[in-house]
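Worksheet for the structure shown next.
Not measured: the values here are computed from a predicted model. For the single chain, residues carry numbers from 1 onward in sequence order. Ligands are counted one by one from 1 in listed order, and the atoms in each one are counted from 1 as well.
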Amino acid sequence: MENIYTDLKILLTDYLTTQKLRKTDERYAILEQICLFPSHFDICMLYDRLKETNFRVSKATLYNTLDILIAADLIVKHQFTAKSIQYELKAMAETHSHLICSMCGAVREIRDSSLKRDIKNMKISRFTPMFHTLYIYGMCSKCKYKLQKNNKGNTKQ
Ligand SMILES: [Zn+2]
Ligand SMILES: [Zn+2]
């Protein structure tokens with residue numbers, strides 16, 4: 001995802017300039033690592049990734065930079081469940097919907113072009129849609145299997 005970083009780097013520079021924020025190496029290094037994630041990531045994954053590249057940043061810097069990247073419209077924050085907060089590139093977020101298992105918190109992506117088209121064609125008065133993302137909550141196949149197995153076990157007793 002080298003080209004996406006090149007594009008986003010320019011957008012980040014624009015944002016930092018207009019907001020009169022410092023253009024620190026950390027902020028760019030964090031964005032670069034984010035561009036390497038194929039999809040969602042949480043703060044621990046990002047922290048570990050930076051550590052592997054020998055780029056030492058504090059968790060405070062990390063949170064602060066993520067807030068800047070959200071404000072700059074480059075990434076989005078997902079609160080999938082009460083415990084699970086994940087992030088992803090905004091350019092990626094609109095390409096799929098999210099299937100979230102309410103039991104284990106696993107997140108899967110599905111691409112549904114007809115759904116995307118329907119949302120785009122929706123006529124909404126006095127509102128201009130700019131971005132959407134969809135969460136569908138349910139049960140993943142692993143949890144469903146476990147549940148069925150447990151239920152069978154219970155009925156035998
Ligand atoms: Zn996503
Ligand atoms: Zn599950």
- Item | Angle subtended at the Zn ion (ligand 2) by Cys101 SG and Cys104 SG, rounded to 10 degrees | 110°
- Task: Give the name of the N/O/S atom in Glu88 that lies closest to the Zn ion (ligand 1).
- Result: OE2
- Over 12 foreign heavy atoms within 6.0 Å of NZ, Lys9: no
- Item | Under 3.5 Å side-chain donor-acceptor pair for Thr65 and Glu26 | no
- Message: Tell me the angle that NE2 of His40 and NE2 of His98 form around the Zn ion (ligand 1), rounded to 10°.
- Response: 100°
- Could you confirm whether His96 has any N/O/S atom lying under 2.8 Å from the Zn ion (ligand 1)? yes
- Check the angle between the aromatic planes of His40 and His98 and answer parallel, tilted or perpendicular using the 30° and 60° thresholds. tilted
- Query: Once the angle between the rings of Tyr137 and Tyr135 is folded into 0 to 90°, is it parallel (under 30°), tilted (30 to 60°) or perpendicular (over 60°)?
  - Reply: perpendicular
